[in-house]
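Ligands are counted one by one from 1 in listed order, and the atoms in each one are counted from 1 as well. Index from 1, following the sequence. Being a predicted model, the structure only gives us computed values, none of them experimental.
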Amino acid sequence: MTTTPDRPGNGDPIISATHVTKSFTSPDGNVLPVLDSVSFTLHEGEIVALLGKSGSGKSTLLRCAAGLIAPSSGSVSYRGTPLNGANPGVSMVFQSFALLPWLTVQQNVELGLQAQGVAEADRRSRALKAIDLIGLDGFEGAYPKELSGGMRQRVGFARALVVEPDALFMDEPFSALDVLTAENLRNELVGLWEGNEAPVKSVLIVTHNIEEAVLLADRILVLSSNPGRIKAELTVDLPRPRDRRAPVFEALVDTVYGILTGREQDHADALTGTPTGGAARPLATPISAPLPQVSPGGLSGLLEILAARGGEDGMPELADELNFEVDDLLPLVDAAVLLDLARTAGPRIALTQAGNEFANADILTSKQLFARHAVAHAPLVRAIVQALTRTGDHVLREGLFLDLLHRGFSDEDARRQLDTAIDWGRYGELFEYDKGEGRLELAPEAVGVL
Ligand code: ADP
Ligand code: MG
């Protein structure tokens with residue numbers, strides 16, 4: 001495995017993104033930065049995986065590269081020509097399949113050709129070929145609702161492949177399928193690619209699944225979160241089909257775990273202009289340090305399992321043991337690290353002394369410890385406790401905090417952030433919440449906690 005900025009000797013560039021930056025503006029005028037100066041090139045003959053935590057901007061980047069949305073700044077070109085609308089070289093496969101329920105398999109597959117103005121007889125024979133290639137022979141006349149999830153996604157693939165695109169884009173195409181069906185489809189896709197049977201020149205796949213990226217890709221681009229930037233680029237130089245149990249495979253998975261959970265403080269420093277390693281690091285705010293979306297119950301589960309395994313373990317082993325997807329494990333890890341209850345080093349995670357105390361204490365003591373750490377390290381929890389402490393009756397409407405959060409989050413994300421903070425605050429007996437009234441009140445136990 002090597003880290004390269006680009007691959008000389010690779011095929012011709014098909015799609016190039018240059019300094020793609022994307023922000024969304026909310027109705028009340030707040031700007032949410034999602035992608036920051038992302039550049040990459042997709043070449044003929046390669047499968048590239050775009051890997052990142054959920055919310056890191058993967059789908060947004062894919063949509064920019066497909067020409068479905070325009071970047072706020074920067075540009076995307078297809079074979080050297082800047083895009084001005086949909087990318088003519090791309091077809092997409094979506095997580096949700098996105099089939100038209102009133103059309104048969106055959107008609108769904110023909111759709112793309114119809115848009116290109118291909119004559120009916122030609123459409124028919126090309127669609128049948130794609131349907132055959134993807135293992136749907138005999139289902140031409142079926143409707144999507146008559147098919148299993150795996151079969152529906154096969155239709156999604158056939159519809160994308162029938163136009164013989166230069167680039168096949170896939171946005172988490174396997175994540176709505178059960179484990180076995182997903183693995184089966186992945187293997188078939190690799191088989192088609194390796195046998196040069198898939199009528200595509202390149203593949204770009206978005207995933208949050210580390211093993212999937214290592215299994216499929218020639219190159220992995222790892223996106224950081226808030227905002228999305230390319231944090232690392234890895235070349236996966238292993239023959240296909242790949243063996244998940246091979247030591248080189250496991251070593252790569254470990255490396256990627258380390259990168260994904262590595263400190264992002266350097267980026268935060270770069271944003272605020274604070275020199276890295278400087279003593280005067282700016283205080284994290286509810287917007288610069290979002291709360292990972294986990295429940296205190298899930299977090300204590302993780303800490304207890306770690307304690308049971310002697311206080312430390314490798315994250316891939318932990319995910320395996322718990323039967324967790326990376327997307328389930330990483331937010332828990334992030335929360336434990338944020339709260340100074342665990343630390344990561346490469347692919348390993350270890351309890352801190354406080355984490356150890358938490359895992360071994362009785363429930364009341366661990367709640368109190370959790371409360372102290374939440375106030376000290378979770379900016380939104382701290383902001384809520386601070387604001388409640390400063391009001392006369394120790395009561396505030398949640399709308400106040402939602403307004404604050406809207407400066408940095410979409411409506412949905414602001415709500416999720418507040419819900420998480422409320423969950424953490426209630427667990428730590430810092431404040432109480434009246435959902436009907438949308439009201440927060442400082443808990444008697446928390447008076448003077450600051
Ligand atoms: P990922 O695919 O990595 O999970 P997305 O690209 O879907 O991430 O989203 C990244 C961020 O951009 C999220 O915070 C999401 O809420 C926000 N976002 C995505 N699309 C829009 C949109 N159309 N309007 C406002 N915010 C958006
Ligand atoms: Mg996505």
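A salt bridge is defined here as a Lys NZ or Arg NE, NH1 or NH2 lying under 4.0 Å from an Asp or Glu carboxylate O, and R415 with E412 fails to meet this definition. Residues D218 and R240 are paired through a salt bridge, judged by an N-O separation under 4.0 Å between the basic side chain and the carboxylate.
Among T207, D411, V34, the residue whose heavy atom sits closest to atom 17 (C) of ligand 1 is V34.
Side chain of S202 to main chain of D166: a donor-acceptor pair is present (N/O by atom type, distance under 3.5 Å, no hydrogens or angles). Judged by distance alone, with hydrogens and angles left aside, the side-chain atoms of T420 form no donor-acceptor pair with the main-chain N or O of Q293 at under 3.5 Å. A donor-acceptor pair under 3.5 Å links the side-chain atoms of N87 to the main chain of A65, judged by distance alone.
The distance cut-off of 2.8 Å around the Mg ion (ligand 2) captures these protein N, O or S atoms, sorted by chain and number: S59 OG.
Within the 4.0 Å heavy-atom criterion, the part of D413 lying near ligand 1 is the side chain and not the backbone. Of the heavy atoms in K53, only backbone atoms (N, CA, C, O) come closer than 4.0 Å to ligand 1. With a 4.0 Å heavy-atom cut-off, ligand 1 is reached by the backbone of S56 and by its side chain too.
Distances below 4.0 Å separate heavy atoms of S410 from the following atoms of ligand 1: 16 (O). Residue contact check: S54 has heavy atoms under 4.0 Å from atoms 4 (O) of ligand 1. The contact set between ligand 1 and T60, taken as ligand atoms under 4.0 Å from a residue heavy atom, comprises 5 (P), 6 (O), 9 (O), 19 (C).
Judged by the shortest distance from any of its heavy atoms, G57 lies inside the 4.0 Å radius around the atoms of ligand 1.
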Which is it for D413 and R416 under the salt bridge (Lys or Arg N to Asp or Glu O under 4.0 Å) test, yes or no, and what are the steps along the way?
-> CA-CA 5 Å; D413 288 342; R416 277 200 219 119; 2.9 Å; yes
Starting from the C-alpha separation in whole Å, work towards a yes-or-no answer on side chain to side chain donor-acceptor pair (under 3.5 Å) for D340 and T352.
-> CA-CA 7 Å; D340 195 29; T352 58; 4.7 Å; no
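V20 approaches P71 most closely through the heavy-atom pair CG1-CB, 3.9 Å.
Residue L32 places no N or O, backbone or side chain, under 3.5 Å from any N or O of ligand 1.
Nearest protein neighbour of atom 4 (O) of ligand 1, counting heavy atoms only, is G55 N, 2.7 Å. At the shortest separation from atom 26 (N) of ligand 1 among protein heavy atoms lies F24 CD1, 3.5 Å. Of all protein heavy atoms, the one closest to atom 7 (O) of ligand 1 is S59 CB, 3.8 Å.
Of the options Q95, H208, E212, a side-chain hydrogen bond (donor to acceptor under 3.5 Å, both in side chains) to S175 is made by Q95 and by none of the others.
Here H373 pairs with H377 under the ring-ring contact (aromatic ring centres under 6.0 Å, His included) rule; sequence neighbours left out.
S295 and D423 share no donor-acceptor pair across their side chains, judged by distance under 3.5 Å alone.
Below 30°, between 30° and 60°, or above 60°: for F370 and Y427 the angle between ring planes is above 60°, a perpendicular geometry.
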